[in-house]
Number of protein chains: 2
Amino acid sequence: MLGEFEYLLLTAAAQLGEDAYGAAIRQEIEDATRGRCSIGALYTTLDRLETKGLVRTWMGDPTPQRGGRPKRMVRVTAKGVRAARDFHAAVMRASRGVSWASNRVGTQP
Amino acid sequence: MLGEFEYLLLTAAAQLGEDAYGAAIRQEIEDATRGRCSIGALYTTLDRLETKGLVRTWMGDPTPQRGGRPKRMVRVTAKGVRAARDFHAAVMRASRGVSWASNRVGTQP
DNA sequence: TGATTACTATCACATTGTGATTCTAATGGC
DNA sequence: GCCATTAGAATCACAATGTGATAGTAATCA
């Protein structure tokens with residue numbers, strides 16, 4: 001199955017669409033998790049997702065702005081979407097009826 | 001942060017309440033994920049969650065039924081509930097607006 | 001030309017997940 | 001009492017994932 005961080009990365013990339021690249025994804029993840037996205041996790045996970053075929057990456061055109069190492073652009077593949085959907089479904093499914101998953105208080109002993 | 005499997009375990013244990021013990025949790029997880037819960041993951045993760053203070057475990061009373069090594073009973077601690085809530089929130093938060101998270105089709109390129 | 005900026009990459013290490021196999025303690029039938 | 005049967009726990013060497021400090025690279029600005 002997908003790891004949690006892999007899921008966050010896929011989600012961020014999907015959300016960014018055309019504008020998905022390393023640093024932007026990092027920003028997005030830090031937003032979602034309130035600040036924790038190690039840079040090592042980012043690029044190693046990106047590599048792993050790519051070898052698994054869940055994303056496709058390529059080096060972008062030379063940046064038109066100050067400071068400009070070429071961006072590593074990212075696109076989530078169909079397979080990646082499927083994997084993300086499965087992860088999401090599994091978490092949702094597991095969380096049904098549990099106290100922290102809704103505003104309805106569950107059957108906490 | 002919590003790993004995915006750790007979350008599944010916490011959730012299953014919470015759901016089982018009074019009846020949470022190793023084998024039952026395994027059953028619950030296999031239900032939620034449609035069949036994948038390695039036994040190794042179960043007990044090592046249980047140990048890790050306990051040392052982190054997210055669950056409390058103790059050996060139960062000698063079983064009244066056929067086949068009976070004492071059950072390892074499990075209870076999610078307040079800290080565990082907090083950790084699970086955070087994980088869930090992070091996944092929810094990250095998933096906002098993404099195509100696979102709702103029936104509404106997102107802005108898929 | 002060199003300071004500054006935006007970004008990617010690496011690597012040794014820590015943490016998490018795996019599954020085949022073994023161990024334990026209870027019961028039921030004889 | 002004896003042992004087959006059963007429910008369940010534990011182990012361990014290994015695989016997969018996540019981390020962060022540090023360094024590299026290519027562009028612009030003054």
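Protein chains get the first letters and strands the later ones, always in sequence-line order, with residue 1 at the start of each.
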Here the residues of residues 36-48 of chain B within 4.0 Å heavy-atom distance, strictly under, of DNA chain C are S38(B), I39(B), G40(B), A41(B), T44(B), T45(B), R48(B)
Atom-to-atom span, [atom1] of [X] to [atom2] of [N] - whole angstrom:
| X | N | atom1 | atom2 | answer |
| --- | --- | --- | --- | --- |
| R72(A) | dA6(C) | CZ | C1' | 16 Å |
| E4(A) | dG18(D) | CD | C1' | 10 Å |
| I29(B) | dG8(D) | CD1 | C1' | 15 Å |
| K71(B) | dA10(D) | NZ | P | 14 Å |
| Y21(B) | dT24(C) | OH | P | 21 Å |
| E30(A) | dG20(D) | CD | C1' | 13 Å |
| F5(A) | dG20(D) | CZ | P | 11 Å |
| R26(A) | dA6(C) | CZ | P | 13 Å |

Is there a donor in the side chain of T57(A) and an acceptor in the side chain of R72(A), or the other way round, less than 3.5 Å apart?
yes
Do L9(A) and L16(A) share a hydrophobic cluster (ILVMFWY, side-chain heavy atoms under 4.5 Å, transitive)?
yes
Mark yes or no for a side-chain to base donor-acceptor pair under 3.5 Å between R69(A) and dG24(D), with no hydrogen or angle criteria applied.
yes
Looking at T45(B) and F5(B), what are the two nearest heavy atoms and their distance?
OG1-CD2, 3.5 Å
Members sharing M59(B)'s hydrophobic cluster (side chains within less than 4.5 Å)
none
Atom pairs and distances, donor-acceptor, side-chain atoms in residues 19-32 of chain B, under 3.5 Å, two or more places apart:
unit_1 : atom_1 : unit_2 : atom_2 : d
R26(B) : NH1    : C37(B) : O      : 2.6

Please determine whether a side-chain nitrogen of the Lys or Arg among R75(A) and E50(A) lies less than 4.0 Å from a carboxylate oxygen of the Asp or Glu.
no
